[in-house]
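Step one of this worksheet: look at the structure below.
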Amino acid sequence: MKKILSVLLALVLGCLVLTGCQKTVESIPSTDDKTEIENPYDMFKFTQYATDGVKNEETAVILFEHANSTFTTYQVAYISCTCRDASANMYSVLYIELLNNKDKAEDAAIRSISFADGKGLFGDEDQAAHEFSEEYFDEMYLQNLVGKTKADYDAWEGYGKEVEGVDAVTGATVTISNVDSVIKSLFEYHADKYYEGK
């Protein structure tokens, strides 16, 4: 009799354990279930240039956007170059302020711009290859873009060309062309958002 009770108890416990395991297994989400996560970032397309002006369409991501009554501050992440080894192709984060208080979108201008000062990130290859430092690039190129307008970028001719009145850093054609391309597309985004109906 004890044997029969022991066997029955073992069967009941076994059923309970298996039932518990079954519920646990069923409660684990299937790998086929894909949870949709809403993208919190605005994005825009830009023409990304590789060596010799080969064009690709890439997506820039607006990591930060804050508008006040006179200008909008952006942090924009984009791939610097796809023509080099992956270890050299980190994303750059461009910090830029664009005026939003002009009468026409074409007159909106760059108020401030940088990859440095903890506001941005210069994610390009080792600058020794071009014999210039990040600071030199910032001073000799980026700071010369302050005051340039959407109209200046609308007139920009693309790879290997300079925005009128700005001398490029020698040996950095891909880098500079991609900075200019991102800014040109950002001006379009900015105009659509802050100048619509003006």
Side-chain angles (χ1 to χ4, degrees), residues 37-50 53 55-84 86 88-102 105-125 127 134-159 161-163 166 168-169 172-196:
I37 298 173
E38 186 176 328
N39 181 8
Y41 300 105
D42 286 325
M43 297 180 282
F44 60 87
K45 298 289 185 187
F46 74 100
T47 300
Q48 193 269 345
Y49 295 100
K55 295 180 182 180
N56 301 296
E57 184 178 74
E58 292 287 343
T59 302
V61 179
I62 298 174
L63 301 176
F64 178 83
E65 178 179 344
H66 178 75
N68 62 39
S69 61
T70 57
F71 64 93
T72 302
T73 301
Y74 295 98
Q75 279 184 320
V76 179
Y78 67 96
I79 190 76
S80 300
C81 182
T82 55
C83 55
R84 295 188 286 262
N89 288 333
M90 297 178 292
Y91 272 78
S92 287
V93 177
L94 178 66
Y95 173 85
I96 186 169
E97 297 172 359
L98 300 180
L99 296 178
N100 56 20
N101 63 345
K102 298 296 181 182
E106 291 73 24
D107 297 329
I110 297 172
R111 181 178 183 271
S112 179
I113 186 169
S114 181
F115 283 118
D117 301 325
K119 298 175 183 177
L121 172 68
F122 192 61
D124 212 331
E125 72 175 332
Q127 299 313 303
E134 181 178 334
E135 292 77 19
Y136 180 83
F137 180 82
D138 187 79
E139 179 185 344
M140 300 306 290
Y141 184 67
L142 286 184
Q143 296 316 307
N144 290 315
L145 299 179
V146 173
K148 294 300 174 189
T149 65
K150 180 179 183 302
D152 292 325
Y153 274 90
D154 288 343
W156 177 63
E157 296 177 26
Y159 179 82
K161 305 296 182 182
E162 299 168 15
V163 175
V166 177
V169 178
T173 306
V174 170
T175 298
I176 288 173
S177 294
N178 286 325
V179 169
D180 287 333
S181 183
V182 166
I183 293 171
K184 179 176 180 156
S185 294
L186 179 61
F187 264 124
E188 292 295 329
Y189 169 91
H190 184 74
D192 289 345
K193 189 162 185 179
Y194 296 98
Y195 286 89
E196 188 178 15

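All of these numbers come straight from a predicted model, not from anything done at the bench.
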Using every non-hydrogen atom in the two residues, find where [X] and [Y] come nearest and quote the distance to one decimal.
X    : Y    : answer
G158 : Y49  : CA-OH, 3.8 Å
A108 : H190 : CB-CD2, 4.3 Å
I113 : I183 : CD1-CD1, 3.7 Å
E65  : Y189 : OE1-OH, 2.7 Å
A50  : Y159 : O-CE1, 3.8 Å
L63  : A77  : CD1-CB, 3.8 Å

Quick one: [atom1] on [X] to [atom2] on [Y], what's the gap to the nearest 0.5 Å?
X    : Y    : atom1 : atom2 : value
S177 : K55  : OG    : NZ    : 11.0 Å
Y194 : L99  : OH    : CG    : 13.0 Å
L94  : I62  : CG    : CD1   : 11.0 Å
E162 : L145 : CD    : CG    : 10.5 Å
K45  : E58  : NZ    : CD    : 8.0 Å
T72  : I96  : OG1   : CD1   : 11.0 Å

Test side chain to side chain contact (heavy atoms under 4.5 Å, CB included) on F64 and T73 and set out the steps. CA-CA 8 Å; F64 178 83; T73 301; 4.0 Å; yes
D154 bridged to K150 by N-O distance under 4.0 Å: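 Looking at K150 together with D154, the answer is yes, because their closest N to O distance falls below 4.0 Å.
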Using modelled atom types and a 3.5 Å cut-off, is there a donor and acceptor pairing between side-chain atoms of S181 and backbone atoms of T47?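 Such a contact is found between S181 side chain and T47 backbone.
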Donor-acceptor pair, Q75 side chain versus K119 backbone, under 3.5 Å?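 Yes; at least one donor-acceptor contact below 3.5 Å.
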All ring-ring contact (aromatic ring centres under 6.0 Å, His included) counterparts of F115, not counting sequence neighbours: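 In terms of ring-ring contact (aromatic ring centres under 6.0 Å, His included), with neighbours along the sequence ignored, F115 is linked to F122.
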Side chains of F137 and L142 in contact at under 4.5 Å (non-hydrogen atoms):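 When only atoms from C-beta onward are counted, L142 and F137 do touch, with a gap below 4.5 Å.
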Can you check whether F46 reaches L186 side chain to side chain, under 4.5 Å on heavy atoms?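 Not touching, per the 4.5 Å side-chain cut-off.
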For the NZ atom on K193, are there more than 12 heavy atoms of other groups (residues, nucleotides or ligands in this structure) within a distance under 6.0 Å?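 Check passes, neighbour count above 12.
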Under 3.5 Å, is there a donor on one side chain and an acceptor on the other for Y141 and D180?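 Yes, a side-chain donor-acceptor pair sits under 3.5 Å.
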Apply side-chain hydrogen bond (donor to acceptor under 3.5 Å, both in side chains) to residues D152 and T149 and explain how you reach the verdict. CA-CA 5 Å; D152 292 325; T149 65; 3.2 Å; yes
Applying side chain to side chain contact (heavy atoms under 4.5 Å, CB included) to Y78 and V179, what does each step give before you reach the verdict? CA-CA 9 Å; Y78 67 96; V179 169; 3.3 Å; yes
Go through it in stages, so that I can follow the logic: the residues are S69 and N101, the test is side chain to side chain contact (heavy atoms under 4.5 Å, CB included), and I'd like the CA-CA distance, side-chain angles, deciding distance and then a yes or no. CA-CA 7 Å; S69 61; N101 63 345; over 6 Å; no
Parallel under 30°, tilted from 30 to 60°, perpendicular over 60°: which one fits the rings of Y153 and W156?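 Tilted.
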Going through the checks in order, is the side chain to side chain contact (heavy atoms under 4.5 Å, CB included) test met by V76 and V61? CA-CA 6 Å; V76 179; V61 179; over 6 Å; no
